[in-house]
Amino acid sequence: MSRIVGIDLGTTNSLVAYMEEDFPRVIPDAEGRVLLPSVVAFTPDGVLVGEAAKRQLVRNPTRTIYSVKRFMGKGYEDVKEELRYFPFQVLPSHEIVRIRVGEREVTPPEVSALILRALKERAEAHLGEPILKAVITVPAYFNDSQRQATKDAGRIAGLEVLRIVNEPTAASLAYGLHRLKEGIVAVYDLGGGTFDISILRVKDGIFEVLATNGNTHLGGDDFDRAMVDWFLADIRARHGVDVGGDLEAMQELRLGAEAAKCRLSFEDRTVFTLPLTQHGFTYRREIFRVELEGLIEPFVQQTLSPCRLALADAQLGLDQIEEVVLVGGSTRVPLVKRRVQELFGKPPHSQLNPEEVVALGAAVQAHILAGGITHMLLLDVTPLSLGIETLGGVMSVLIPRNTTIPTTAKELFTTSVDGQTVVDMHVLQGERELAKDNRSLARFELRGVDPMPAGMPRIEVTFLIDANGILQVHAQELRTEKAASIEVKPSYGLTDAEVERMIEESFIHAEEDVASRLLIETRNEADAVIRATERALTQGGHLIAEAEVARIKEALAAVKAVSDGNDRDAIREATGRLNQATLHLAEVLMDSALKEALASKQVTEALEKK
């Protein structure tokens, strides 16, 4: 059987993992980085993904897409309130979210597919074999539309998605391989854009999800936004300038806020500095951890209510939770750890890297599907109730939330009008009593029902949820045996024709896309070498001979002359010659730095002796 990888498709970062003998391993890129930023940039020269795309956030903000997971399986009305935070343009549409980049429109599954394809290529380069199958994780509270959008993204990327696994459940599998003890476990998963809480029972290798809850629109992104709003207000108060309309400055602020948040997870204070030369000043602000905690406390509090609801659904008390596991990069924030400990009354575990543990668990599930692990079994649940609309616009639930999947449910219905020959079936998902307050998943018609008095037909409706949490519905009139079925295609989903078109385009443009990416990466490398050389000449040009400085400047000019062109080989050769020309300068600068450090140390020691 071909190898199956596990993929964590995250809001902020994504990862791919595989099983090496009996242990899961996250696959690094060529530079050794395991996290792939979930950022895609559409440049005039081609598409960039990951670190290269992240560098475009400031210089090309309207064509660089990030946090796309927040848009998966959503319509414009679902996301319009938060669009002010994004520099790229989301088009008003009643169907799936569509994002304008230059002259083209892209959908969230297409953008996610580019991220998945980059992970697929990373795995193929590392393992030396084609990768065609994957397990992909999603937040436990993703609804049917969001799960279907994730499967569509996998198909567009050229992957057969064998299983969609809930992120907290995947994390528990990874801990299971590290001897997670038997008992009741709470998995608290706070990522960049989503929050989940899952309560599991672990016994004899069986991981049974008892209840799940969460918020698919809450995470570290919200922490960053709170800081950005705070900085904006401070800039207005101290400098009298509103930079909110400056897209580049806003991206600098967002990236700076994210970096400051990360530093404050390990330090009590940090200094945030942002040159705003276009506005005539540099903004500088010292920020303390306690200030950050005041800003994000409301968001952390929002995670605690779902925890209590999940415990109630599982019919458990806080004292019955034996282990609490932290998952997701946002759980590194000290305030989060404190609030979780206060709620559950015990210190949470984070022995495994919280940013890697979901991908590791996905690799474990992939190995289970491949037959490599036989002593572990995963029993997941559906996060939201499923049903149909009945007389008076009421939702009749067939499968309640937190039902173990895969599952099936049947119920008998009848008609409300005499002589009715067509029955409209409206499939819904949600927890509200009225159909209008829940999410519409699909509509289909049962035709050819014999005309009978109201209440006489017996219509059996069957719901079947597969192991991915995706629904099929079957309806049959038992007297006439007339039947209709539908594999639910969510209201905010891509049609099969759209998916096939995207797959076809990806094959057509594959060679062109690779060539574009390699050219852009070569240009980026050349730019980095140019900047490093100019800095080195400024610092140490006086330490070497004038003839050598002249040779370096000549090589530097040669790189600048070709760096904006389309000849990748010429750029690479010129960059190589410049690297060779600066070898001696680099050695001289290193020697100078070492001598300065040694002299400083000797001065310090002499002062200490006095």
Side-chain angles (χ1 to χ4, degrees), residues 29-31 33 36-66 68 87-89 99-107 110-122 124-125 156-158 247-248 251 501-537 550-583:
D29 66 9
E31 283 76 43
R33 298 174 297 222
L36 176 79
S38 300
V39 183
V40 177
F42 295 85
T43 76
D45 301 307
V47 179
L48 298 176
V49 180
E51 289 291 345
K54 196 171 180 179
R55 289 194 287 271
Q56 296 286 318
L57 279 167
V58 175
R59 72 176 89 148
N60 195 10
T62 60
R63 297 166 66 106
T64 304
I65 300 172
Y66 60 93
V68 74
F88 46 84
Q89 183 186 3
I99 303 166
R100 180 178 293 283
V101 282
E103 299 302 311
R104 66 187 284 192
E105 293 176 15
V106 293
T107 63
E110 283 178 272
V111 177
S112 293
L114 291 166
I115 298 166
L116 289 173
R117 190 176 295 128
L119 293 171
K120 177 179 184 287
E121 290 170 0
R122 175 185 291 191
E124 289 173 339
I156 297 165
L247 294 181
E248 290 191 11
Q251 284 308 300
R501 174 184 59 77
M502 292 169 188
I503 293 170
E504 193 175 322
E505 284 177 357
S506 74
F507 283 122
I508 292 170
H509 299 297
E511 193 172 328
E512 174 190 326
D513 287 347
V514 169
S516 297
R517 190 186 76 231
L518 290 173
L519 174 61
I520 291 165
E521 287 175 352
T522 304
R523 283 177 178 168
N524 287 342
E525 185 185 350
D527 287 343
V529 173
I530 287 170
R531 286 196 302 274
T533 302
E534 289 174 338
R535 193 164 54 246
L537 282 172
R551 282 197 302 274
I552 292 172
K553 286 183 175 178
E554 185 182 334
L556 182 62
V559 177
K560 287 181 176 180
V562 296
S563 62
D564 288 332
N566 295 319
D567 189 337
R568 182 169 156 257
D569 289 337
I571 299 169
R572 198 169 52 193
E573 286 170 14
T575 305
R577 286 195 294 271
L578 179 56
N579 275 325
Q580 283 295 121
T582 56
L583 281 175

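- At a threshold of 4.5 Å between non-hydrogen side-chain atoms, the residues Leu519 and Ile571 count as touching.
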(request) Please assess Leu537 against Lys553 for the test side chain to side chain contact (heavy atoms under 4.5 Å, CB included), listing each intermediate value before the final yes or no. (result) CA-CA 9 Å; Leu537 282 172; Lys553 286 183 175 178; 4.2 Å; yes
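- Atom CD of Glu525 is separated from atom CZ of Arg572 by 9.0 Å, given to the nearest 0.5 angstrom.
- In this structure, CG on Leu114 lies 9.0 Å from CD1 on Ile156, to the nearest 0.5 angstrom.
- Side-chain contact between Val40 and Val68 is absent, with no heavy-atom pair separated by less than 4.5 Å.
- Across all their heavy atoms, Ala53 and Thr64 have their closest contact at O-CG2, 3.6 Å.
- For Arg122 (side chain) and Ala30 (main-chain N/O), no donor-acceptor pair under 3.5 Å exists by modelled atom type.
- A salt bridge links Glu124 with Lys120: at least one charged nitrogen is closer than 4.0 Å to a carboxylate oxygen.
- Among residues two or more places apart in sequence or in another chain, the ring pair (Phe, Tyr, Trp, His ring centres under 6.0 Å) test is passed with Phe42 by none.
- Here Leu36 contributes atom CG and Lys54 contributes atom NZ; the two are 10.5 Å apart, rounded to the nearest 0.5 Å.
- Not counting sequence neighbours, the partners of Glu105 by the salt bridge (charged side-chain N to carboxylate O under 4.0 Å, His left out) test are Arg100.
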Using a 3.5 Å cut-off and no angle test, enumerate the donor-acceptor pairs between side-chain atoms of residues 556-564 and protein atoms at least two apart in sequence or in another chain.
from: Lys560; atom 1: NZ; to: Glu534; atom 2: OE2; distance (Å): 2.7
from: Ser563; atom 1: OG; to: Lys560; atom 2: O; distance (Å): 3.4

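- Among residues two or more places apart in sequence or in another chain, the side chain to side chain donor-acceptor pair (under 3.5 Å) test is passed with Arg577 by none.
- In this structure, Pro61 and Tyr66 have side chains that are not in contact, with every pair of non-hydrogen atoms separated by 4.5 Å or more.
- Ile115 CD1 to Glu110 CD: the interatomic distance, rounded to the nearest 0.5 Å, is 12.5 Å.
- The CG atom of Asp567 sits 8.0 Å away from the CD atom of Glu573 when rounded to the nearest 0.5 Å.
- With sequence neighbours excluded, the residues that form a side chain to side chain contact (heavy atoms under 4.5 Å, CB included) with Ala581 are Ile552, Ala555.
- Atom CG of Asp29 sits about 12.5 Å away from atom CD of Glu121, to the nearest 0.5 Å.
- Of all heavy-atom pairs between Arg63 and Val101, the closest is CA-CG1, 4.0 Å.
- Under the side chain to side chain contact (heavy atoms under 4.5 Å, CB included) criterion, Gln580 pairs with Leu583, sequence neighbours left out.
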(request) Please report the C-alpha distance between Arg523 and Asn566 in whole Å, then the side-chain angles of each, then the deciding distance to 0.1 Å, and finally whether the side chain to side chain donor-acceptor pair (under 3.5 Å) criterion is met. (result) CA-CA 9 Å; Arg523 283 177 178 168; Asn566 295 319; 2.9 Å; yes
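- Closest heavy-atom contact between Arg568 and Thr522: NE-OG1, 3.2 Å.
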